[in-house]
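Here the structure is laid out as structure tokens; the discussion comes afterwards.
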Amino acid sequence: MPNKSAEVVSPQVGEDLEEVPRYTGSPWRLFLSDVQLFFRNILYLPCIFLPVAPWPSGPLDELYPSLANVLDIILHFILFFVQLGFLISLPFLIYIPFSLFVSYVVGVIFLNLLVCELLNRGIPKDGLKSTEDDHSRSWRQHDDEYWIFLNGICVGKNWLQNNVDRLSRTFHRPIIGVHNRTSGVVFDIIQCLIQRSLLFATSDVRECYILVKKALYRKGVKKVILILHSQGGIEGGMIVDWLLNEVPQDLLQYLEVYTFGNIANHFNNPYRDAISHASASGSLQNGESSSRPHNRAISHVEHYANSYDFACRFGVLHFTKQVPKDHLENRFMGKVFVNPRAGHQLNQHYLDSMFPLDPTNRFTRDPKEDDFMNLNVTIHSPQEKQKKSHGVRPEIAVERHDPTGACDLSREAPNGARPTSKVKIRDLSRLWLYCNGGRPA
């Protein structure tokens with residue numbers, strides 16, 4: 001079998017300080033741009049649910065034929081056809097009496113809320129906790145860590161519980177799941193468009209922000225891990241923006257962010273001082289020096305994407321490497337790990353592929369030859385220095401794993417060149433080091 005390879009896109013090194021980010025521009029222009037991008041990638045929409053099998057994690061996988069999963073899938077099918085039929089029928093309603101129009105709209109909304117309540121019922125206000133207590137007694141304790149998960153589209157209580165339990169088994173930590181309530185796949189996608197254009201914060205965004213902020217201020221907590229999936233990437237990006245405005249810089253260094261299938265159009269992580277920015281972009285004046293030129297507000301940000309996942313092509317992949325240079329003013333900070341496969345479900349299409357469990361389904365197994373974490377990544381030298389590209393990423397520019405967050409490839413040689421070499425994904429992924437209760441330096 002030929003050795004497959006994966007792609008890793010390095011973080012942006014510098015930013016154009018005079019450029020106004022597009023996500024702060026006209027909401028209508030952003031919305032129209034997102035609608036165009038949606039239809040440009042619409043053929044990938046079925047890849048949200050494909051492949052349907054296999055199910056390495058059994059009942060924890062979203063499409064596994066358990067009773068709870070089958071019920072969720074049936075409810076989502078009902079929502080899909082009701083919502084799609086409702087939207088298609090709207091142009092024809094101009095010919096009916098206004099009172100009948102109002103009754104029709106109210107009836108559809110009521111039916112939608114009723115079905116969604118069956119999916120979303122019973123989530124505690126303080127979040128959904130992982131149910132791995134029977135096994136956690138044998139795990140290494142990490143009392144100075146706090147792990148939070150914010151889910152994406154189409155997730156009700158059942159799938160959220162499965163998500164936090166799967167994450168807990170992978171990293172051997174208790175996980176708190178903040179519920180981003182589903183309204184059905186069609187309405188969830190519309191909500192994503194509105195959130196990206198208007199920066200609209202729903203109640204779960206506010207709840208998750210409070211939870212993260214309290215964790216950062218909590219005495220004895222030295223690591224706050226925020227894991228985001230799908231639409232949670234949009235909401236997590238807003239949370240990060242708020243944290244950057246309110247939380248002291250020394251506390252923000254405790255935060256680490258990891259996303260899967262991120263639909264966001266930006267992800268901020270600015271430098272903590274002007275000298276760090278100038279050093280990274282190569283614009284230090286004579287006599288100026290910086291001992292830590294990669295001094296980001298948040299120490300570690302990583303994004304994991306499937307290359308044929310509609311959500312990634314609509315989000316993280318589009319805004320990091322698939323758009324013209326003049327569209328990259330929407331800064332998307334953090335390493336991007338790209339898996340050459342389809343699928344958008346967190347457990348079945350991301351964690352099962354990137355962090356597979358052993359036969360006991362309790363420990364992350366060592367990667368086999370064709371596992372994602374064992375794939376080769378070719379490291380290429382940038383074609384020009386970062387200061388000439390205004391922070392735009394090289395096509396495949398990869399940083400070596402560096403616990404300090406360093407990412408400027410040009411520092412290894414005066415001219416920014418470096419011989420091409422090969423490493424494994426696991427050599428670059430910080431999140432991999434947390435598996436089975438591990439802890440990075």
Side-chain angles (χ1 to χ4, degrees), residues 9 11-12 14-45 83 86-88 90-91 94 150 152-153 180 183 185-206 208-209 228 230-246 257 259 261-271 277 281 297 301 303 305 309-334 336 389-393:
V9 184
Q12 289 175 240
E15 303 101 38
D16 189 344
L17 300 181
E18 298 179 359
E19 185 64 65
V20 178
R22 286 175 67 236
Y23 70 87
T24 63
S26 165
W28 285 111
R29 291 185 63 185
L30 289 171
F31 183 80
L32 292 175
S33 175
D34 280 351
V35 170
Q36 292 175 356
L37 180 60
F38 175 86
F39 284 105
R40 195 186 311 162
N41 291 283
I42 197 169
L43 294 179
Y44 291 94
L45 199 57
Q83 294 169 2
F86 173 70
L87 295 178
I88 293 174
L90 285 178
I94 59 175
L150 180 58
I153 64 172
N180 167 26
S183 298
V185 61
V186 176
F187 285 1
D188 281 353
I189 291 176
I190 293 175
Q191 187 182 72
C192 289
L193 293 172
I194 294 173
Q195 284 186 317
R196 293 212 321 188
S197 304
L198 302 179
L199 299 178
F200 173 62
T202 50
S203 59
D204 54 290
V205 180
R206 304 172 192 277
C208 189
Y209 167 70
L228 310 167
S230 183
Q231 184 185 4
I234 302 177
E235 300 183 345
M238 287 189 273
I239 291 170
V240 167
D241 291 343
W242 292 354
L243 293 172
L244 292 170
N245 286 333
E246 293 196 11
V257 184
T259 79
N262 196 338
I263 313 182
N265 62 2
H266 75 282
F267 217 91
N268 284 322
N269 188 17
Y271 291 100
H277 172 270
S281 59
V301 179
H303 310 283
D309 178 3
F310 166 83
C312 295
R313 302 180 75 87
F314 183 66
V316 56
L317 296 183
H318 178 76
F319 290 99
T320 53
K321 70 186 185 67
Q322 294 183 351
V323 294
K325 177 179 176 180
D326 60 351
H327 287 178
L328 279 174
E329 62 268 25
N330 267 18
R331 292 181 283 275
F332 216 108
M333 298 301 174
V336 183
S389 61
H390 301 288
V392 176
R393 310 165 189 266

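In what follows, residues are counted from 1 in the order of the sequence shown. What's counted below: heavy atoms across the whole structure, side chains too, no hydrogens, waters or symmetry copies.
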Greater than 12 external heavy atoms within 6.0 Å of Tyr209's OH: yes
Contact check, side chains of Arg40 and Leu37, non-hydrogen atoms, under 4.5 Å: yes
4.5 Å side-chain heavy-atom contact, Phe314 and Leu193: yes
Heavy-atom pair of closest approach, residues Asn269 and Ala297: OD1-N, 3.4 Å
Student check: side-chain heavy atoms of Val316 and Val336 closer than 4.5 Å: yes
Plane angle bin for Phe31 and Trp28 - parallel if under 30°, tilted between 30 and 60°, otherwise perpendicular: perpendicular
Minimum heavy-atom distance Leu150-Gly236, with the two atoms named: CD2-N, 4.3 Å
Minimum-distance pair of heavy atoms, taken over all atoms of Phe200 and Met238: O-CE, 3.4 Å
pair Phe86-Val186: side-chain heavy atoms closer than 4.5 Å: no
Interatomic spacing from NE2 in His318 to CG in Asp34 - rounded to 0.5 Å: 8.0 Å
side-chain contact (heavy atoms from CB on, under 4.5 Å) between Gln191 and Thr202, intermediate numbers included: CA-CA 10 Å; Gln191 187 182 72; Thr202 50; 3.8 Å; yes
Nearest-0.5 Å distance that lies between atom CD in Gln195 and atom CD1 in Ile234: 5.5 Å
4.5 Å side-chain heavy-atom contact, Gln83 and Ile190: no
Value rounded to 0.5 Å, distance of CD in Glu235 from SG in Cys192: 8.0 Å
Side-chain touch Val240/Val301, heavy atoms, less than 4.5 angstrom: no
Contact summary for Cys312 and Ala305, nearest pair of heavy atoms: SG-CB, 3.5 Å
Asp188 versus Gln231, side-chain donor and acceptor atoms under 3.5 Å: no
Interatomic distance, Ser230 atom OG to Asp309 atom CG [nearest 0.5 angstrom]: 7.5 Å
Validation row: Leu199, Asp241 side chains within 4.5 angstrom (heavy atoms): no
Side-chain (Arg196) to main-chain (Ile263) donor-acceptor, under 3.5 angstrom: yes
Validation row: Asn262, Leu228 side chains within 4.5 angstrom (heavy atoms): no
Value rounded to 0.5 Å, distance of CZ in Arg313 from CZ in Phe319: 13.5 Å
